[in-house]
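What follows is one structure encoded as structure tokens, with my remarks underneath.
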Amino acid sequence: MKVARFHAPGDIRLEEVPEPVARPGEVKIRVRNCSTCGTDVKIYRFGHHHIRPPRVMGHEIAGEIVELGEGVTGWSPGDRVQVIAAIPCGRCEECRRGHLTVCPNQESMGYHYDGGFAQYMVVPAKVLAVDGLNRIPDGVGFAEASLAEPLACVLNGQELARVGEGDDVVVVGSGPIGCLHVRLARSRGAARVFLADLNAERLTMAADLVRPDAAICSGETDLVDEVLKLTGGRGADVVITAAASGAAQRQALQMAARQGRISFFGGLPKDDPIIACDSNLVHYRELTIVGANGSSPAHNARALRLIADGAVPVADLITHRLGLDEVMDAIDVVARGAAIKVTIEP
Ligand SMILES: [Zn+2]
Ligand SMILES: [Zn+2]
């Protein structure tokens, strides 16, 4: 079978390898869609300390079961499934407390295990043990189902930031994650959702699809001023930074309303993670700053439901469908920000 494997930074190879076999407790799937995201670009450029090469990349996975390992029950060949990306251990103190997204023993598809840029893939027993294999609801295609994983992460972020009825929400960063944030905030009853990006072209492309109440090009106007203007000086109830930008995080504090919530959804570069924070803004305005680290298996199941119910449509966000041999083109398109969502169909 064909796979796309990471060997070293700058070195991803399309290779022919034997099909994997489902061992006891595992499930083998025919991958139908594996979507790409900014993380794949990061891995391509810098590698990752959890990846021991060669490793099949790809973590936004949907496919069809072709073989069950010994002892697997409740599934049959032909079942359409979506696979979680982050695998909590299910046994540690955090997992027992229900904090599955911050399990210190977390492993990931495409990092510790071969991922979905392949024609066939084995779902590890650990994924099944934490209910990480989800049945794709009728009416949801494989490509849409592959977006359940990023949507699950967005759902985790908005739960932590308590996005709800009547909120004015600012989303900074108009990539696929920003688009999902806009759509999910609307489905959770936000009053108005504003979308901002430094890059005018990318912002226009995203705004045409997700129709925010205002699209703010922060490369051309002062984002904080603009948000204060739009909210009558009050600021936004929730500010979500879906960009690896310390400047955006600092601005988020300045444009949050009293009792506002700020989600540092996107992490900062490892070598530059320190920002200046006016702690008195947090104190007097009773701000809440939250992080976000992936998603739990339950978030993935609920994300699939949101897609199936039409609460968060995702089909139109998939702007590019490419074959496995075009995986380098896919990574290039994502790196240039020239697409919303690029999916690989191996
Ligand atoms: Zn991803
Ligand atoms: Zn754990």
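Quantities reported herein were computed from a predicted structural model and do not represent experimental measurements.
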Output the distance between atom [atom1] ([X]) and atom [atom2] ([Y]), rounded to the nearest 0.5 Å.
X: K270; Y: L268; atom1: NZ; atom2: CG; result: 12.0 Å
X: C34; Y: D40; atom1: SG; atom2: CG; result: 7.0 Å
X: K341; Y: I318; atom1: NZ; atom2: CD1; result: 9.0 Å
X: L324; Y: M1; atom1: CG; atom2: CE; result: 9.5 Å
X: R302; Y: L151; atom1: CZ; atom2: CG; result: 10.0 Å
X: N156; Y: F265; atom1: CG; atom2: CZ; result: 7.5 Å

Measure the shortest side-chain to side-chain distance between [X] and [Y] over non-hydrogen atoms and say whether it is less than 4.5 angstrom.
X: L322; Y: T36; answer: no
X: V172; Y: M255; answer: yes
X: C92; Y: P104; answer: yes

Can any side-chain N or O of [X] pair as donor or acceptor with the backbone N or O of [Y] at less than 3.5 Å?
X: Q82; Y: N134; result: no
X: R261; Y: I289; result: no
X: D208; Y: M205; result: no
X: R96; Y: R91; result: yes
X: E144; Y: G141; result: yes
X: S108; Y: Y111; result: no

The criterion is side chain to side chain donor-acceptor pair (under 3.5 Å); which residues satisfy it with [X], sequence neighbours excluded?
X: N33; value: T343, E345
X: S296; value: H299
X: E165; value: none
X: R23; value: E26

Could E226 and K229 be called an ion pair, given the rule that one side-chain N must be under 4.0 Å from one carboxylate O?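 A salt bridge is present here (some side-chain N lies under 4.0 Å from a carboxylate O).
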All pairs passing salt bridge (charged side-chain N to carboxylate O under 4.0 Å, His left out) where [range] contributes a residue, at least two apart:
range: residues 236-246; result: R234-D237
range: residues 66-83; result: K28-E67, D79-R135
range: residues 41-56; result: R55-D114

Could you tell me which residues satisfy side chain to side chain contact (heavy atoms under 4.5 Å, CB included) with P137, sequence neighbours excluded, listed by chain and number?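 V140, L304, R305, A308.
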Review item, side-chain donor-acceptor pairs of residues 173-192, under 3.5 Å, at least two apart:
{"unit_1": "S174", "atom_1": "OG", "unit_2": "D197", "atom_2": "OD2", "d": "2.7"}
{"unit_1": "H181", "atom_1": "ND1", "unit_2": "Q158", "atom_2": "NE2", "d": "3.0"}
{"unit_1": "R183", "atom_1": "NH1", "unit_2": "P313", "atom_2": "O", "d": "2.8"}
{"unit_1": "R183", "atom_1": "NH1", "unit_2": "D316", "atom_2": "OD1", "d": "2.9"}
{"unit_1": "R183", "atom_1": "NH2", "unit_2": "L209", "atom_2": "O", "d": "3.0"}
{"unit_1": "R183", "atom_1": "NH2", "unit_2": "D316", "atom_2": "OD2", "d": "2.8"}
{"unit_1": "R186", "atom_1": "NH1", "unit_2": "D213", "atom_2": "OD2", "d": "3.0"}
{"unit_1": "R186", "atom_1": "NH2", "unit_2": "R211", "atom_2": "O", "d": "2.9"}
{"unit_1": "R186", "atom_1": "NH2", "unit_2": "D213", "atom_2": "OD2", "d": "3.1"}
{"unit_1": "S187", "atom_1": "OG", "unit_2": "L184", "atom_2": "O", "d": "2.9"}
{"unit_1": "R188", "atom_1": "NE", "unit_2": "V163", "atom_2": "O", "d": "2.9"}
{"unit_1": "R188", "atom_1": "NH2", "unit_2": "V163", "atom_2": "O", "d": "3.3"}
{"unit_1": "R192", "atom_1": "NE", "unit_2": "D168", "atom_2": "OD1", "d": "3.2"}
{"unit_1": "R192", "atom_1": "NH1", "unit_2": "L230", "atom_2": "O", "d": "3.1"}
{"unit_1": "R192", "atom_1": "NH2", "unit_2": "D168", "atom_2": "OD2", "d": "2.9"}
{"unit_1": "R192", "atom_1": "NH2", "unit_2": "L230", "atom_2": "O", "d": "3.2"}

Could you go through the side chain to side chain contact (heavy atoms under 4.5 Å, CB included) check for I12 and F117 one step at a time? CA-CA 11 Å; I12 293 174; F117 292 162; over 6 Å; no
Picking from K126, H50, H112, what satisfies side-chain hydrogen bond (donor to acceptor under 3.5 Å, both in side chains) with E107?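 Of K126, H50, H112, side-chain hydrogen bond (donor to acceptor under 3.5 Å, both in side chains) with E107 is met by K126 alone.
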Can you run down the ring-ring contact (aromatic ring centres under 6.0 Å, His included) pairs that involve residues 132-153, sequence neighbours left out, and say none if there aren't any?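 Found none.
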Give a yes-or-no answer on whether the side chains of E15 and H7 include a donor-acceptor pair shorter than 3.5 Å.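 The answer is yes; a qualifying pair exists.
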The criterion is salt bridge (Lys or Arg N to Asp or Glu O under 4.0 Å); which residues satisfy it with E64, sequence neighbours excluded?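 Partners of E64 by the salt bridge (Lys or Arg N to Asp or Glu O under 4.0 Å) criterion, ordered by chain and then number, come out as R32.
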Side-chain donor-acceptor distances from residues 327-338 under 3.5 Å, at least two apart:
{"unit_1": "D332", "atom_1": "OD2", "unit_2": "R336", "atom_2": "NE", "d": "3.2"}
{"unit_1": "D332", "atom_1": "OD2", "unit_2": "R336", "atom_2": "NH2", "d": "3.3"}

The test is side chain to side chain contact (heavy atoms under 4.5 Å, CB included); show your working for V83 and Y113 and say whether it passes. CA-CA 12 Å; V83 186; Y113 303 96; over 6 Å; no
